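Working notes for the structure below.
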Amino acid sequence: MNYIRLINLGAVGVFGMILSVSFCNSFRIRQKRLVIVACMAVILIFQGIIYFWVSPDMIELIYPVITHVPLAVVLCVLEKKFLWPMISVLTAYLCCQIRRWLALLAITIFSGGRVMQNAVELIVTLPILLILLRYLSPSVRAISNCAIPVQCQFGLVPALYYGFDYLTRIYTDMLLKGGLVVVEFMPFVCSVAYLVFVFHMAEEERVRGRLEQTQNSLNIQVTQAVREIEALRESWRKTSIYRHDLRHHIQYLSSCIENGLLGQAQAYMKEVCSEIESNHITVFCENEVANLVFSSFAGRAGNLGIPMTVRAGIPQTIPVAESDLCVLLSNALENALHACRKRMEKGLSGAIEVYVDRRKERLYLQIKNSCDENIVFENGIPIADSPGHGLGVRSICAIVDKYGGMCNFSVKDSKFILQVLL
């Protein structure tokens, strides 16, 4: 009896099953571990029964039925998934070919036979398994969190090789006969897989480049927002100082009037009023940053003759960074102001309505502004109609994603509506 072959058969079974389970990450829960160990034991016992009571060669013929199918079913039940456990089993089978090829290389170099092949496979099994578990399994498990098309793309090569190996080597001898179509099939698969990989990586790089560009632009906006906040705070501080020094201004004006210097008093009053007006901050809510941004854009809208109403109930302390709040409000209001200005250039009216409030510990923002009806949307996001625009929308979406919020863009009755929940 060939005990080396029997031990090698058990070793390759354990090798493949451990890898399959590792790719699914099913060893993390104790109950799952017990079920998997029991399943592996039953499969190995069943293989042993067939080996001794039927035929050693029969095991290879029915191996998918007595090993791969039961293992895949158990993993599907444990993981509550269908596709990924099957891909894990197929990928583990593909990894088993590493030990077989190394053994074939050894018997080719040393002119060995079947016994040497089994011995070499046994020797390299544990080192290869440890290397794959350490370096390959984490990467494979990460793919299980990707979209279904990505999982299918990853599992295509293992699936094709699985079918090719059983069809041409185990169930038939087409591979040994050396038909060109058969021999060149797997190189063809590797070539196609490589080209698909290159295309996929190029597309990923393009997406990454766009994201980096958006991130850089957002960082610039954040920096600018911080500067604007400080400038507005300084304006507010000057206004407070003028109000505090009002008594001194009145004393000076009184002195000018008493001395008959009416022209000088009038000029002084105009100067003070002008400086106070330029630093005027309207209080819309408790939040200082929101007041500064609303005041700034309300002033700009007023200068353009665009009515802007603000109803804000934002407390001083909110779970949003000052810079992010400034960027969010500034971009939204800048887009609203731009849309109204375009309408006014066509002789149409424009208006902006802002509503902000707290809803169940979250910040809700709604901005309505007059707009044209011909706005184009793609996946719910408005598309810019001219170069250099659209960055504000991307910045809004980036901030919403950062805080795990939701945003919605829509057009109704010539009104563009932005709704944000952070």
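Everything numeric here is computed off the predicted structure, so don't read it as measured data.
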Practice prompt. List for me each residue that meets ring pair (Phe, Tyr, Trp, His ring centres under 6.0 Å) alongside Tyr355, sequence neighbours excluded, and say none if there are none.
Written response: none
Worksheet item: If you measure from CG on Leu129 to CD1 on Ile18, what distance do you get to the nearest 0.5 Å?
Response: 5.5 Å
Worksheet item: Applying side chain to side chain donor-acceptor pair (under 3.5 Å), which residue pairs with at least one partner in residues 153-163 are found, sequence neighbours left out?
Response: His68-Tyr162, Gln97-Tyr161, Arg100-Tyr161
Discussion item. Walk me through whether Tyr93 and Asp165 qualify under side chain to side chain contact (heavy atoms under 4.5 Å, CB included).
Written reply: CA-CA 10 Å; Tyr93 181 84; Asp165 196 42; 2.4 Å; yes
Worksheet item: Between Asp401 and Arg394, is there a salt bridge with N-O shorter than 4.0 Å?
Response: no
Worksheet item: If you take all heavy atoms of Val120 and Ala106, which pair is closest and at what distance?
Response: CG2-CB, 3.9 Å
Worksheet item: Among pairs that include at least one residue of residues 412-422, which meet side chain to side chain donor-acceptor pair (under 3.5 Å), considering only residues two or more places apart or in two chains?
Response: Tyr364-Gln419, Gln366-Gln419, Glu373-Ser414, Asn408-Gln419
Fill in: ring pair (Phe, Tyr, Trp, His ring centres under 6.0 Å) partners of Tyr171, counting only residues at least two apart
Tyr166
Worksheet item: Roughly how far, to the nearest 0.5 Å, is the OG atom of Ser88 from the CE atom of Met17?
Response: 14.5 Å
Fill in: Residue pair Leu329, Leu365: steps toward the side chain to side chain contact (heavy atoms under 4.5 Å, CB included) verdict
CA-CA 9 Å; Leu329 295 176; Leu365 165 69; 4.0 Å; yes
Item to complete: Please lay out, stage by stage, how Leu328 and Ile396 fare under the test side chain to side chain contact (heavy atoms under 4.5 Å, CB included).
Response: CA-CA 6 Å; Leu328 175 64; Ile396 293 171; 3.7 Å; yes
Worksheet entry | Check ion pair Glu345-Lys342 (N to O, under 4.0 angstrom) | no
Response to the item:
Here the pair of heavy atoms bringing Glu79 nearest to Pro85 is CB-CG, 4.3 Å
Worksheet item: With sequence neighbours excluded, what pairs up with Asn8 under the side chain to side chain donor-acceptor pair (under 3.5 Å) test?
Response: Arg99, Asn118, Glu121
Worksheet entry | Residue list, ring pair (Phe, Tyr, Trp, His ring centres under 6.0 Å) with Phe185, at least two apart or on another chain | Phe164
Fill in: Closest non-hydrogen atom pair, Ala321 against Tyr403
N-OH, 3.1 Å
